[in-house]
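We name chains A, B, ... by the order of the sequence lines, and we start the count at 1 in each one. These values consider heavy atoms only, across backbone and side chains, with no hydrogens, waters or symmetry-generated copies.
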Amino acid sequence: MSFLIDSSIMITSQILFFGFGWLFFMRQLFKDYEVRQYVVQVIFSVTFAFSCTMFELIIFEILKVLNSSSRYFHWKMNLCVILLILVFMVPFYIGYFIVSNIRLLHKQRLLFSCLLWLTFMYFFWKLGDPFPILSPKHGILSIEQLISRVGVIGVTLMALLSGFGAVNCPYTYMSYFLRNVTDADILALERRLLQTMDMIISKKKRMAMTRRTMFQKGEVHNKPSGFWGMIKSVTTSAPGSENLTLIQQEVDALEELSRQLFLETADLYATKERIEYSKTFKGKYFNFLGYFFSIYCVWKIFMATINIVFDRVGKTDPVTRGIEITVNYLGIQFDVKFWSQHISFILVGIIIVTSIRGLLITLTKGMYFVSSVLLIRMSMPLEYRTIITEVLGELQFNFYHRWFDVIFLVSALSSILFLYLAHKQAPEKHMAP
Amino acid sequence: MASLDRVKVLVLGDSGVGKSSLVHLLCQNQVLGNPSWTVGCSVDVRVHDYKEGTPEEKTYYIELWDVGGSVGSASSVKSTRAVFYNSVNGIILVHDLTNKKSSQNLYRWSLEALNRDLVPSGVLVTNGDYDREQFADNQIPLLVIGTKLDQIHETKRHEVLTRTAFLAEDFNAEEINLDCTNPRYLAAGSSNAVKLSRFFDKVIIPGFPDRKRFGGGTLKSLHYD
């Protein structure tokens, strides 16, 4: 009886998520375009719905809502469906749409999309070999196999994104990095842009007139004047077309310059807006958050390095450790267990919400979710980990954390390098007269 | 030979409707082989015979400014684009016949371009919504061009063409529907070519207010050579 109630609750929430995903698709992602194939929208909403249900199940797990056995059942079912969609349907449809865009293969597109899907499966499988995830106890097509592969890809992507985000976020929010832009700078650039456009136009006018006179002369020469007439037309029209190619090259260079100027002007306008924004209340608030966040990011990078260098995997969750440290340092009487439970629950909630938001903005859907589950396990106290471990089998979690740290570090460092170079280049360009 | 005064026509529309292909077709009478994203603005020049076939025939250079981007761009990009909207003689609005949203966005495009020009004369626009009165006051000739006609199936053609006729009427403009990869739509003597040439003539006339139509003879004496 309770199983039925639980199931109906789950299904209603799934339908709600489906509707939400559908709306989001229409309003945000496809605001300026027209949806031609409704299949895409359906698949997106279905994947979104199932992914959200998975997170819902985690929350239920912590809050101990619903019957334990029905939770377990839904968990397994959800996982099966998501993996099915992820590994079978989505790649197949992606392949199908890619192939149908190529006009040559239009007739046999079903065949070619199957071929593409098989190639995808092959590489997907091959992905598992270098990593220590094969457990001899389970067969080939078991859930653990699929999850482990999806997990690897997902963890890599997430680490890349968080590495970049950890560096980019403080850079955008902190006004320390904003260059000073005056209206005069913008006007000067705009004048240069318009001058370049004028030069392009005058060159194109010359080309158009040359082409026209060539065309008219060509007509005159095309009179059937025999052998000598043809030779004459070859020698006399050659300089005209040579001239054209020369001017064309100049025009190409000028057009490239105009594109650069346009992008620079847009950049200056954007910087000016950011400067104005930073003077407002909201701007100052975000600026402060930016400093806070940058300290957190630096700490994370530091921890990742230490984890790798000292070959250590985090065993306790950061919140409990933080509270332990505060308690020992400040000597406050605290019921550690009680508070840590609630705080870690809130933390998990925030991670879930930002994960959902991050997911809705990036396109790495299902893999992102599955790997989030794997990593959330890290943040939760021991009791909660049992059910997840039970369902997901004997995956090597330590491996995932090491892998995450490595990719995170690599991504963060390369984004620091990239942003540094971009930041250095820009002011030099403006200094030039 | 050709006038020294500038004739500037903007080509506006959403990303991917085919503005660059259209401009290439109009200026070079050839189909564009490898269309790619337009960053910023690309200009091309069309040699146009004003009043072709009459004794007052004169050759003009018409500059076609193809401005890339979308209506939903960041305001920094919009401010940068605004620098191209100065002293415009005519506007060609391009939309994709297979994509309804691109037709709807044409209202916003025209407002973006016209507001820039109307401000000096003191006409204030209070909201971004389309208001026909603003267009009634407008002196700048408009032309609406629908692209990718070949991708519309025969059965849907009538419905699509009625919709675009309403659109053109809203702008008080002529409309041309074509396929930019097929030069035969603009072949000399076709109705499309006539509409195009009439549009360019309209663009040229208001630019030279001293060229009032007194009669045939006086025009020749006002040529700048």
Participant: Does any heavy atom of chain B fall under 4.5 Å from the side chain of Leu193(A), the backbone, both, or neither of them?
Facilitator: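 Side chain only.
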
Participant: Look at Cys41(B), Ser79(B), Cys27(B) and state which one has the largest set of heavy-atom pairs under 4.5 Å with chain A.
Facilitator: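 That would be Ser79(B).
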
Participant: For Leu263(A), which atoms come within 4.5 Å of any heavy atom of chain B: side chain, backbone, both, or neither?
Facilitator: side chain

Participant: For residues Leu143(B) and Ile91(B), determine if any side-chain heavy atom of one lies less than 4.5 Å from a side-chain heavy atom of the other.
Facilitator: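 Sidechains of Ile91(B) and Leu143(B): no contact.
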
Participant: Just one of Thr147(B), Leu106(B), Val23(B) clears the side chain to side chain contact (heavy atoms under 4.5 Å, CB included) bar with Val94(B), so which one?
Facilitator: Thr147(B)

Participant: Please classify the contact of Ser258(A) with chain B as side chain, backbone, both or neither, using a heavy-atom distance under 4.5 Å.
Facilitator: side chain

Participant: Check whether the ring centres of His48(B) and Tyr60(B) lie less than 6.0 Å apart, and answer yes or no.
Facilitator: no

Participant: Measure distances from Ile201(A) to the heavy atoms of chain B and classify the residue's part below 4.5 Å as side chain, backbone, both or neither.
Facilitator: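 Both backbone and side chain.
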
Participant: Of all of Ile200(A), Ile186(A), Asp198(A), Leu261(A), which one pairs up most often with chain B through heavy atoms under 4.5 Å apart?
Facilitator: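 Among the listed options, the one with the most contacts to chain B is Asp198(A).
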
Participant: Sub-3.5 Å donor-acceptor pair from the side chain of Lys204(A) to the main-chain atoms of Val43(B), do we have one?
Facilitator: yes

Participant: Apply ring pair (Phe, Tyr, Trp, His ring centres under 6.0 Å) to His24(B) and list each qualifying residue two or more places apart in sequence or on a separate chain.
Facilitator: none

